[in-house]
Number of protein chains: 2
Amino acid sequence: MPPRRRNTYHHGDLRRAVIDAALQAIREQGSPDFSLRALARRVGVAPSAPYRHFEDKRALLAAIAAEGFRLLADGLRKAAGTARPGSLDHLRELGVAYVRFAARHPAHFRIMFRPELADKTPYPELLDAASDSFDVLTSGIRAAQESGVVRPEETGRLVRASWGMVHGIAALAVAGQFGRSRAKIEAIARSASEALIRGLEA
Amino acid sequence: MPPRRRNTYHHGDLRRAVIDAALQAIREQGSPDFSLRALARRVGVAPSAPYRHFEDKRALLAAIAAEGFRLLADGLRKAAGTARPGSLDHLRELGVAYVRFAARHPAHFRIMFRPELADKTPYPELLDAASDSFDVLTSGIRAAQESGVVRPEETGRLVRASWGMVHGIAALAVAGQFGRSRAKIEAIARSASEALIRGLEA
DNA sequence: ACTTGATGTGTGCGCTGTCCACACCCCTGC
DNA sequence: GCAGGGGTGTGGACAGCGCACACATCAAGT
(Lines give C-alpha, C1' and ligand atoms only; values in the text may rest on other atoms or scores of the structure.)
Protein backbone atom coordinates (compact mmCIF):
# COMPACT_ATOMS: atom_id res chain seq x y z
CA MET A 1 0.00 0.00 0.00
CA PRO A 2 1.43 3.41 -0.98
CA PRO A 3 1.89 6.06 1.71
CA ARG A 4 -1.18 8.11 2.61
CA ARG A 5 -2.10 10.48 -0.14
CA ARG A 6 -4.00 13.62 0.65
CA ASN A 7 -6.12 15.80 -1.51
CA THR A 8 -6.20 13.19 -4.17
CA TYR A 9 -9.21 11.92 -5.96
CA HIS A 10 -8.66 8.50 -4.50
CA HIS A 11 -8.64 8.14 -0.77
CA GLY A 12 -5.97 5.55 -0.13
CA ASP A 13 -7.66 3.26 2.33
CA LEU A 14 -11.31 4.18 2.44
CA ARG A 15 -12.40 0.76 3.66
CA ARG A 16 -10.35 1.06 6.84
CA ALA A 17 -11.30 4.71 7.30
CA VAL A 18 -15.02 3.91 7.10
CA ILE A 19 -14.68 1.08 9.61
CA ASP A 20 -12.80 3.34 12.00
CA ALA A 21 -15.36 6.10 11.65
CA ALA A 22 -18.12 3.60 12.32
CA LEU A 23 -16.37 2.33 15.46
CA GLN A 24 -15.95 5.90 16.61
CA ALA A 25 -19.65 6.59 16.08
CA ILE A 26 -20.61 3.42 17.94
CA ARG A 27 -18.39 4.45 20.83
CA GLU A 28 -20.12 7.83 20.93
CA GLN A 29 -23.74 6.69 20.85
CA GLY A 30 -23.57 3.07 21.94
CA SER A 31 -25.47 1.82 18.94
CA PRO A 32 -24.89 1.67 15.20
CA ASP A 33 -27.51 4.32 14.55
CA PHE A 34 -25.10 6.42 12.53
CA SER A 35 -25.93 7.08 8.92
CA LEU A 36 -23.61 5.86 6.25
CA ARG A 37 -23.81 9.34 4.80
CA ALA A 38 -22.57 10.89 8.01
CA LEU A 39 -19.66 8.46 7.99
CA ALA A 40 -18.85 9.46 4.44
CA ARG A 41 -18.98 13.12 5.43
CA ARG A 42 -16.62 12.52 8.36
CA VAL A 43 -14.17 10.75 6.13
CA GLY A 44 -14.53 13.40 3.47
CA VAL A 45 -15.92 11.41 0.58
CA ALA A 46 -19.15 11.36 -1.37
CA PRO A 47 -22.19 9.62 0.19
CA SER A 48 -22.00 6.74 -2.22
CA ALA A 49 -18.27 6.11 -1.98
CA PRO A 50 -18.46 3.57 0.88
CA TYR A 51 -20.63 1.38 -1.32
CA ARG A 52 -17.51 0.47 -3.28
CA HIS A 53 -16.29 -1.35 -0.17
CA PHE A 54 -19.46 -2.56 1.53
CA GLU A 55 -22.48 -3.93 -0.22
CA ASP A 56 -24.72 -2.17 2.28
CA LYS A 57 -24.84 -1.02 5.88
CA ARG A 58 -25.27 -4.53 7.20
CA ALA A 59 -22.16 -5.67 5.38
CA LEU A 60 -20.19 -2.93 7.14
CA LEU A 61 -21.48 -4.16 10.49
CA ALA A 62 -20.60 -7.71 9.50
CA ALA A 63 -17.03 -6.64 8.75
CA ILE A 64 -16.77 -5.00 12.17
CA ALA A 65 -18.21 -8.08 13.86
CA ALA A 66 -15.76 -10.35 12.08
CA GLU A 67 -12.88 -8.13 13.16
CA GLY A 68 -14.25 -8.35 16.70
CA PHE A 69 -14.35 -12.13 16.70
CA ARG A 70 -10.78 -12.20 15.42
CA LEU A 71 -9.68 -9.93 18.27
CA LEU A 72 -11.62 -12.08 20.72
CA ALA A 73 -10.02 -15.32 19.53
CA ASP A 74 -6.60 -13.69 19.76
CA GLY A 75 -7.26 -12.48 23.29
CA LEU A 76 -8.54 -15.85 24.40
CA ARG A 77 -5.54 -17.68 22.98
CA LYS A 78 -3.10 -15.24 24.51
CA ALA A 79 -4.67 -15.48 27.95
CA ALA A 80 -4.86 -19.24 27.67
CA GLY A 81 -1.13 -19.26 27.00
CA THR A 82 -0.40 -17.97 30.50
CA ALA A 83 -1.54 -21.18 32.20
CA ARG A 84 -1.21 -24.91 31.65
CA PRO A 85 -3.93 -26.13 29.27
CA GLY A 86 -6.49 -28.24 31.06
CA SER A 87 -5.87 -26.56 34.39
CA LEU A 88 -8.43 -24.63 36.37
CA ASP A 89 -6.29 -21.52 36.05
CA HIS A 90 -6.42 -21.87 32.31
CA LEU A 91 -10.20 -21.95 32.48
CA ARG A 92 -10.37 -18.91 34.70
CA GLU A 93 -8.08 -16.94 32.42
CA LEU A 94 -10.29 -17.77 29.48
CA GLY A 95 -13.24 -16.27 31.31
CA VAL A 96 -11.35 -13.17 32.31
CA ALA A 97 -10.05 -12.73 28.78
CA TYR A 98 -13.56 -12.83 27.34
CA VAL A 99 -14.67 -10.01 29.59
CA ARG A 100 -11.43 -8.11 29.08
CA PHE A 101 -11.96 -8.20 25.35
CA ALA A 102 -15.40 -6.68 25.78
CA ALA A 103 -14.06 -3.98 28.09
CA ARG A 104 -11.28 -3.09 25.67
CA HIS A 105 -13.28 -3.26 22.48
CA PRO A 106 -16.80 -2.31 23.50
CA ALA A 107 -17.73 -1.00 20.08
CA HIS A 108 -16.83 -4.30 18.44
CA PHE A 109 -18.60 -6.25 21.16
CA ARG A 110 -21.77 -4.25 20.73
CA ILE A 111 -21.97 -5.27 17.09
CA MET A 112 -20.89 -8.90 17.29
CA PHE A 113 -24.15 -10.27 18.64
CA ARG A 114 -26.59 -8.00 16.87
CA PRO A 115 -29.67 -9.89 15.74
CA GLU A 116 -29.45 -8.53 12.20
CA LEU A 117 -26.18 -10.47 11.89
CA ALA A 118 -27.56 -13.62 13.48
CA ASP A 119 -27.72 -15.28 10.12
CA LYS A 120 -24.02 -15.19 9.31
CA THR A 121 -24.45 -17.26 6.16
CA PRO A 122 -24.04 -14.32 3.80
CA TYR A 123 -20.79 -13.38 5.54
CA PRO A 124 -18.37 -16.32 5.50
CA GLU A 125 -15.63 -14.17 7.01
CA LEU A 126 -17.85 -13.53 10.02
CA LEU A 127 -18.92 -17.14 10.25
CA ASP A 128 -15.32 -18.36 10.33
CA ALA A 129 -14.16 -15.87 12.93
CA ALA A 130 -17.13 -16.61 15.17
CA SER A 131 -16.71 -20.36 15.11
CA ASP A 132 -13.01 -19.99 15.73
CA SER A 133 -13.68 -18.02 18.94
CA PHE A 134 -16.26 -20.55 20.00
CA ASP A 135 -13.81 -23.39 19.40
CA VAL A 136 -11.20 -21.85 21.68
CA LEU A 137 -13.72 -21.79 24.52
CA THR A 138 -14.97 -25.28 23.85
CA SER A 139 -11.56 -26.90 23.61
CA GLY A 140 -10.48 -25.14 26.79
CA ILE A 141 -13.32 -26.74 28.71
CA ARG A 142 -12.87 -30.09 27.06
CA ALA A 143 -9.20 -30.09 28.05
CA ALA A 144 -10.11 -29.38 31.66
CA GLN A 145 -12.51 -32.30 31.59
CA GLU A 146 -9.94 -34.61 30.05
CA SER A 147 -7.37 -33.74 32.66
CA GLY A 148 -9.99 -34.68 35.22
CA VAL A 149 -10.31 -31.39 37.09
CA VAL A 150 -13.82 -30.64 35.85
CA ARG A 151 -16.95 -32.81 36.01
CA PRO A 152 -17.26 -35.21 33.10
CA GLU A 153 -20.74 -33.86 32.42
CA GLU A 154 -21.82 -33.31 28.82
CA THR A 155 -19.33 -30.76 27.47
CA GLY A 156 -21.89 -28.70 25.57
CA ARG A 157 -23.78 -28.01 28.76
CA LEU A 158 -20.67 -26.79 30.55
CA VAL A 159 -19.72 -24.63 27.59
CA ARG A 160 -23.13 -23.00 27.52
CA ALA A 161 -23.06 -22.26 31.24
CA SER A 162 -19.54 -20.82 31.12
CA TRP A 163 -20.01 -18.93 27.91
CA GLY A 164 -23.30 -17.60 29.21
CA MET A 165 -21.74 -16.32 32.38
CA VAL A 166 -18.82 -14.50 30.82
CA HIS A 167 -21.02 -13.21 28.03
CA GLY A 168 -23.52 -11.80 30.48
CA ILE A 169 -20.87 -10.12 32.57
CA ALA A 170 -19.31 -8.71 29.41
CA ALA A 171 -22.65 -7.45 28.15
CA LEU A 172 -23.59 -5.77 31.40
CA ALA A 173 -20.11 -4.28 31.71
CA VAL A 174 -20.29 -2.84 28.21
CA ALA A 175 -23.73 -1.49 29.03
CA GLY A 176 -22.08 0.43 31.84
CA GLN A 177 -23.81 -1.46 34.64
CA PHE A 178 -20.54 -2.18 36.43
CA GLY A 179 -18.96 1.25 36.23
CA ARG A 180 -16.12 2.40 34.03
CA SER A 181 -13.11 0.90 35.77
CA ARG A 182 -11.61 -1.90 33.74
CA ALA A 183 -9.77 -3.21 36.78
CA LYS A 184 -13.02 -3.54 38.68
CA ILE A 185 -14.71 -5.21 35.74
CA GLU A 186 -11.90 -7.72 35.44
CA ALA A 187 -12.06 -8.38 39.16
CA ILE A 188 -15.75 -9.19 38.85
CA ALA A 189 -14.99 -11.51 35.96
CA ARG A 190 -12.22 -13.19 37.90
CA SER A 191 -14.20 -13.86 41.05
CA ALA A 192 -17.27 -14.95 39.11
CA SER A 193 -15.19 -17.34 37.02
CA GLU A 194 -13.60 -18.75 40.14
CA ALA A 195 -16.97 -19.32 41.74
CA LEU A 196 -18.41 -21.05 38.72
CA ILE A 197 -15.33 -23.22 38.33
CA ARG A 198 -15.51 -24.21 41.99
CA GLY A 199 -19.06 -25.32 41.32
CA LEU A 200 -17.96 -27.33 38.31
CA GLU A 201 -14.95 -29.05 39.86
CA ALA A 202 -14.82 -32.82 39.61
CA MET B 1 -62.72 1.47 28.38
CA PRO B 2 -65.71 1.08 26.03
CA PRO B 3 -65.97 -2.10 23.97
CA ARG B 4 -63.90 -2.21 20.78
CA ARG B 5 -65.32 0.06 18.14
CA ARG B 6 -64.67 -0.67 14.50
CA ASN B 7 -64.78 1.61 11.50
CA THR B 8 -64.84 4.60 13.72
CA TYR B 9 -62.70 7.64 13.52
CA HIS B 10 -61.15 6.88 16.87
CA HIS B 11 -59.38 3.60 17.26
CA GLY B 12 -60.27 2.60 20.78
CA ASP B 13 -56.91 1.58 22.13
CA LEU B 14 -54.28 2.70 19.71
CA ARG B 15 -51.55 2.79 22.29
CA ARG B 16 -51.90 -0.90 23.06
CA ALA B 17 -52.31 -1.77 19.38
CA VAL B 18 -49.10 0.03 18.44
CA ILE B 19 -47.14 -1.71 21.19
CA ASP B 20 -48.47 -5.08 20.09
CA ALA B 21 -47.64 -4.40 16.46
CA ALA B 22 -44.15 -3.35 17.51
CA LEU B 23 -43.67 -6.55 19.53
CA GLN B 24 -44.85 -8.56 16.55
CA ALA B 25 -42.36 -6.79 14.28
CA ILE B 26 -39.55 -7.37 16.76
CA ARG B 27 -40.43 -11.06 16.92
CA GLU B 28 -40.27 -11.22 13.16
CA GLN B 29 -36.96 -9.48 12.56
CA GLY B 30 -35.22 -9.70 15.90
CA SER B 31 -34.55 -5.99 16.09
CA PRO B 32 -36.66 -2.86 16.35
CA ASP B 33 -35.83 -1.84 12.80
CA PHE B 34 -39.48 -1.43 11.91
CA SER B 35 -40.71 1.97 10.82
CA LEU B 36 -43.33 3.73 12.84
CA ARG B 37 -45.14 4.33 9.57
CA ALA B 38 -45.30 0.60 8.86
CA LEU B 39 -46.70 0.03 12.33
CA ALA B 40 -49.34 2.64 11.68
CA ARG B 41 -50.23 0.99 8.38
CA ARG B 42 -50.57 -2.41 10.06
CA VAL B 43 -52.85 -0.97 12.68
CA GLY B 44 -54.79 0.95 10.08
CA VAL B 45 -54.22 4.53 11.15
CA ALA B 46 -52.49 7.54 9.68
CA PRO B 47 -48.67 7.68 9.89
CA SER B 48 -48.74 10.42 12.46
CA ALA B 49 -51.39 8.91 14.74
CA PRO B 50 -48.97 6.98 16.99
CA TYR B 51 -47.31 10.27 17.90
CA ARG B 52 -50.36 11.06 20.03
CA HIS B 53 -49.30 8.22 22.32
CA PHE B 54 -45.52 8.18 22.05
CA GLU B 55 -43.35 11.23 21.85
CA ASP B 56 -41.08 9.49 19.39
CA LYS B 57 -39.83 6.06 18.42
CA ARG B 58 -37.54 5.82 21.42
CA ALA B 59 -40.43 6.49 23.78
CA LEU B 60 -42.29 3.56 22.24
CA LEU B 61 -39.27 1.33 22.90
CA ALA B 62 -39.06 2.67 26.44
CA ALA B 63 -42.69 1.74 27.04
CA ILE B 64 -42.00 -1.79 25.80
CA ALA B 65 -38.89 -2.04 27.97
CA ALA B 66 -40.81 -0.87 31.04
CA GLU B 67 -43.50 -3.45 30.37
CA GLY B 68 -40.74 -6.05 30.08
CA PHE B 69 -39.22 -5.15 33.42
CA ARG B 70 -42.63 -5.37 35.03
CA LEU B 71 -43.14 -8.85 33.58
CA LEU B 72 -39.65 -9.80 34.75
CA ALA B 73 -40.22 -8.63 38.30
CA ASP B 74 -43.51 -10.52 38.38
CA GLY B 75 -41.88 -13.69 37.14
CA LEU B 76 -39.05 -13.42 39.63
CA ARG B 77 -41.41 -12.88 42.55
CA LYS B 78 -43.63 -15.75 41.49
CA ALA B 79 -40.72 -18.16 41.17
CA ALA B 80 -39.26 -17.00 44.43
CA GLY B 81 -42.56 -17.82 46.06
CA THR B 82 -42.08 -21.52 45.38
CA ALA B 83 -39.18 -21.84 47.81
CA ARG B 84 -38.28 -20.63 51.26
CA PRO B 85 -36.66 -17.16 51.07
CA GLY B 86 -33.00 -17.32 51.91
CA SER B 87 -32.65 -20.93 50.78
CA LEU B 88 -30.43 -22.14 47.97
CA ASP B 89 -33.50 -23.41 46.14
CA HIS B 90 -34.92 -19.92 46.27
CA LEU B 91 -31.77 -18.60 44.65
CA ARG B 92 -31.81 -21.21 41.93
CA GLU B 93 -35.43 -20.51 41.11
CA LEU B 94 -34.63 -16.83 40.74
CA GLY B 95 -32.00 -17.68 38.15
CA VAL B 96 -34.26 -20.03 36.27
CA ALA B 97 -37.07 -17.47 36.32
CA TYR B 98 -34.83 -14.80 34.79
CA VAL B 99 -34.01 -17.03 31.86
CA ARG B 100 -37.58 -18.27 31.59
CA PHE B 101 -38.78 -14.70 31.31
CA ALA B 102 -36.40 -14.09 28.41
CA ALA B 103 -37.47 -17.30 26.69
CA ARG B 104 -41.14 -16.42 27.03
CA HIS B 105 -40.88 -12.75 26.17
CA PRO B 106 -37.94 -12.52 23.79
CA ALA B 107 -39.22 -9.40 22.08
CA HIS B 108 -39.41 -7.53 25.37
CA PHE B 109 -36.01 -8.83 26.43
CA ARG B 110 -34.40 -7.68 23.20
CA ILE B 111 -35.50 -4.13 23.91
CA MET B 112 -34.89 -3.87 27.64
CA PHE B 113 -31.13 -3.52 27.47
CA ARG B 114 -30.81 -1.51 24.29
CA PRO B 115 -28.10 1.13 24.56
CA GLU B 116 -30.40 3.89 23.32
CA LEU B 117 -32.43 3.33 26.50
CA ALA B 118 -29.40 3.17 28.76
CA ASP B 119 -30.15 6.63 30.06
CA LYS B 120 -33.52 5.89 31.59
CA THR B 121 -33.79 9.32 33.17
CA PRO B 122 -36.30 10.62 30.61
CA TYR B 123 -38.52 7.58 31.26
CA PRO B 124 -39.36 7.35 34.97
CA GLU B 125 -41.73 4.45 34.34
CA LEU B 126 -38.83 2.47 32.87
CA LEU B 127 -36.48 3.50 35.64
CA ASP B 128 -38.88 2.33 38.34
CA ALA B 129 -39.63 -1.00 36.71
CA ALA B 130 -35.93 -1.69 36.13
CA SER B 131 -34.85 -0.94 39.66
CA ASP B 132 -37.71 -3.01 41.01
CA SER B 133 -36.49 -6.05 39.08
CA PHE B 134 -32.98 -5.43 40.24
CA ASP B 135 -34.14 -5.20 43.84
CA VAL B 136 -35.81 -8.59 43.70
CA LEU B 137 -32.54 -10.17 42.64
CA THR B 138 -30.48 -8.29 45.17
CA SER B 139 -32.72 -9.01 48.13
CA GLY B 140 -32.85 -12.68 47.16
CA ILE B 141 -29.08 -12.93 47.41
CA ARG B 142 -28.91 -10.86 50.55
CA ALA B 143 -31.45 -13.15 52.20
CA ALA B 144 -29.35 -16.19 51.31
CA GLN B 145 -26.33 -14.52 52.85
CA GLU B 146 -28.21 -13.63 55.99
CA SER B 147 -29.46 -17.16 56.45
CA GLY B 148 -25.83 -18.21 56.23
CA VAL B 149 -26.01 -20.51 53.22
CA VAL B 150 -24.00 -18.21 50.93
CA ARG B 151 -20.57 -16.66 51.49
CA PRO B 152 -20.68 -13.39 53.37
CA GLU B 153 -18.71 -11.73 50.59
CA GLU B 154 -19.64 -8.23 49.48
CA THR B 155 -23.23 -8.56 48.27
CA GLY B 156 -22.79 -6.35 45.22
CA ARG B 157 -20.12 -8.63 43.87
CA LEU B 158 -22.29 -11.70 44.24
CA VAL B 159 -25.21 -9.93 42.63
CA ARG B 160 -23.10 -8.95 39.64
CA ALA B 161 -21.79 -12.46 39.15
CA SER B 162 -25.24 -14.03 39.42
CA TRP B 163 -27.01 -11.42 37.41
CA GLY B 164 -24.29 -11.61 34.78
CA MET B 165 -24.62 -15.35 34.46
CA VAL B 166 -28.38 -15.50 34.07
CA HIS B 167 -28.35 -12.46 31.85
CA GLY B 168 -25.77 -14.01 29.55
CA ILE B 169 -27.63 -17.29 29.31
CA ALA B 170 -30.83 -15.38 28.63
CA ALA B 171 -29.18 -13.25 25.96
CA LEU B 172 -27.61 -16.18 24.17
CA ALA B 173 -30.86 -18.14 24.41
CA VAL B 174 -32.83 -15.27 22.90
CA ALA B 175 -30.21 -15.00 20.18
CA GLY B 176 -31.03 -18.57 19.29
CA GLN B 177 -27.66 -19.99 20.32
CA PHE B 178 -29.22 -22.67 22.50
CA GLY B 179 -31.90 -23.90 20.14
CA ARG B 180 -35.62 -23.27 20.30
CA SER B 181 -36.69 -25.65 23.03
CA ARG B 182 -37.75 -23.78 26.15
CA ALA B 183 -37.38 -26.90 28.24
CA LYS B 184 -33.76 -27.28 27.17
CA ILE B 185 -33.07 -23.61 27.79
CA GLU B 186 -34.51 -23.85 31.29
CA ALA B 187 -32.47 -26.96 31.93
CA ILE B 188 -29.32 -25.08 31.01
CA ALA B 189 -30.32 -22.26 33.31
CA ARG B 190 -31.06 -24.68 36.12
CA SER B 191 -27.77 -26.57 35.94
CA ALA B 192 -25.76 -23.39 35.49
CA SER B 193 -27.45 -21.78 38.48
CA GLU B 194 -26.81 -24.86 40.56
CA ALA B 195 -23.15 -24.86 39.63
CA LEU B 196 -22.67 -21.19 40.43
CA ILE B 197 -24.50 -21.56 43.72
CA ARG B 198 -22.33 -24.53 44.68
CA GLY B 199 -19.35 -22.30 44.04
CA LEU B 200 -20.82 -19.57 46.21
CA GLU B 201 -21.90 -21.70 49.15
CA ALA B 202 -20.68 -20.67 52.57
C1' DA C 1 -76.93 22.55 22.32
C1' DC C 2 -72.07 24.29 22.85
C1' DT C 3 -67.60 23.92 24.11
C1' DT C 4 -63.51 21.55 24.92
C1' DG C 5 -59.89 18.32 25.00
C1' DA C 6 -58.30 14.00 23.42
C1' DT C 7 -57.42 11.54 19.39
C1' DG C 8 -56.85 10.65 14.42
C1' DT C 9 -55.88 12.88 9.38
C1' DG C 10 -53.15 15.03 5.70
C1' DT C 11 -49.33 17.31 4.16
C1' DG C 12 -44.67 18.93 4.20
C1' DC C 13 -39.57 19.09 5.36
C1' DG C 14 -35.06 17.33 5.69
C1' DC C 15 -32.68 13.27 5.91
C1' DT C 16 -31.60 8.46 4.84
C1' DG C 17 -30.15 4.00 2.14
C1' DT C 18 -29.27 2.67 -2.18
C1' DC C 19 -28.81 2.93 -7.31
C1' DC C 20 -26.82 4.58 -11.57
C1' DA C 21 -24.21 7.04 -15.04
C1' DC C 22 -20.08 9.33 -15.17
C1' DA C 23 -15.12 11.03 -13.81
C1' DC C 24 -10.66 9.98 -12.51
C1' DC C 25 -6.25 7.76 -12.33
C1' DC C 26 -3.02 3.88 -11.34
C1' DC C 27 -1.22 -0.28 -13.57
C1' DT C 28 -0.39 -3.27 -16.98
C1' DG C 29 0.54 -4.96 -21.79
C1' DC C 30 2.22 -3.57 -25.75
C1' DG D 1 6.08 5.37 -23.08
C1' DC D 2 1.58 5.14 -24.19
C1' DA D 3 -3.42 3.15 -24.62
C1' DG D 4 -6.88 1.63 -22.18
C1' DG D 5 -9.15 -1.01 -18.48
C1' DG D 6 -10.67 -1.75 -13.99
C1' DG D 7 -10.94 -0.26 -9.49
C1' DT D 8 -12.36 3.77 -6.95
C1' DG D 9 -14.72 8.20 -6.03
C1' DT D 10 -18.56 11.82 -7.70
C1' DG D 11 -23.14 13.71 -8.33
C1' DG D 12 -27.75 13.30 -8.84
C1' DA D 13 -32.09 10.67 -8.33
C1' DC D 14 -35.75 8.04 -5.92
C1' DA D 15 -38.60 6.13 -2.47
C1' DG D 16 -39.25 5.79 2.36
C1' DC D 17 -38.48 7.50 7.00
C1' DG D 18 -39.03 10.39 11.52
C1' DC D 19 -41.27 14.04 12.96
C1' DA D 20 -43.94 18.71 13.00
C1' DC D 21 -48.06 21.25 12.23
C1' DA D 22 -52.62 22.64 11.03
C1' DC D 23 -57.04 20.66 10.67
C1' DA D 24 -61.01 17.12 11.44
C1' DT D 25 -63.76 14.29 14.38
C1' DC D 26 -65.97 12.82 18.37
C1' DA D 27 -67.19 11.93 23.56
C1' DA D 28 -68.26 14.02 27.60
C1' DG D 29 -69.47 17.60 30.67
C1' DT D 30 -71.95 21.96 31.16
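Quick note: numbers below take in every heavy atom, side chains included, and nothing from hydrogens, waters or symmetry partners. Computed from a predicted model, the values in this text were never measured in an experiment.
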Fill in: Pair listing, side-chain hydrogen bond (donor to acceptor under 3.5 Å, both in side chains) test, anchored in residues 45-64 of chain B, at least two apart
none
Discussion item. Looking at B:Gln145 and B:Arg151, would you say the former's side chain and the latter's main chain have a donor-acceptor pair under 3.5 Å?
Written reply: yes
Item to complete: Take atom CG of B:Leu14 and atom P of C:dG8, then tell me their distance rounded to the nearest Å.
Response: 5 Å
Worksheet, complete the sentence: With sugar-phosphate taken as primed atoms, P, OP1 and OP2 and all else as base, the protein-contact string of nucleotides 13-22 of chain D at under 4.0 Å (heavy atoms; B, S, -) is B---BBBB-B
Could you list the donor-acceptor pairs under 3.5 angstrom formed by side chains in residues 25-37 of chain B, with sequence neighbours left out?
residue : atom : partner : partner atom : Å
B:Arg27 : NH1  : B:Gln24 : OE1          : 2.8
B:Glu28 : OE1  : B:Arg42 : NH2          : 3.2
B:Glu28 : OE2  : B:Gln24 : NE2          : 2.9
B:Ser31 : OG   : B:Asp33 : OD2          : 3.1
B:Ser35 : OG   : B:Ala38 : N            : 2.9

Worksheet entry | Distance, rounded to the nearest Å, where A:Leu39 contributes CG and D:dG9 contributes C1' | 16 Å
Item to complete: Output yes when at least one side-chain N/O atom of A:His53 is less than 4.0 Å from OP1 or OP2 of D:dG7, else no.
Response: no
Worksheet item: Mind checking what makes ring pair (Phe, Tyr, Trp, His ring centres under 6.0 Å) contact with A:Tyr123, not counting sequence neighbours?
Response: none
Worksheet item: When the distance from CG of A:Leu61 to P of C:dG17 is rounded to whole Å, what number comes out?
Response: 11 Å
Cut-off 3.5 Å, no hydrogens considered: what does the side-chain donor-acceptor table look like for residues 87-96 of chain A, sequence neighbours left out?
residue : atom : partner  : partner atom : Å
A:Ser87 : OG   : A:Arg84  : O            : 2.6
A:Ser87 : OG   : A:His90  : N            : 3.1
A:His90 : ND1  : A:Ala80  : O            : 3.4
A:Glu93 : OE2  : A:Arg190 : NH2          : 3.3

Worksheet item: Tell me, which pairs form a side-chain hydrogen bond (donor to acceptor under 3.5 Å, both in side chains) where one or both residues lie in residues 59-69 of chain B, sequence neighbours left out?
Response: B:Arg16-B:Glu67, B:Glu67-B:His108
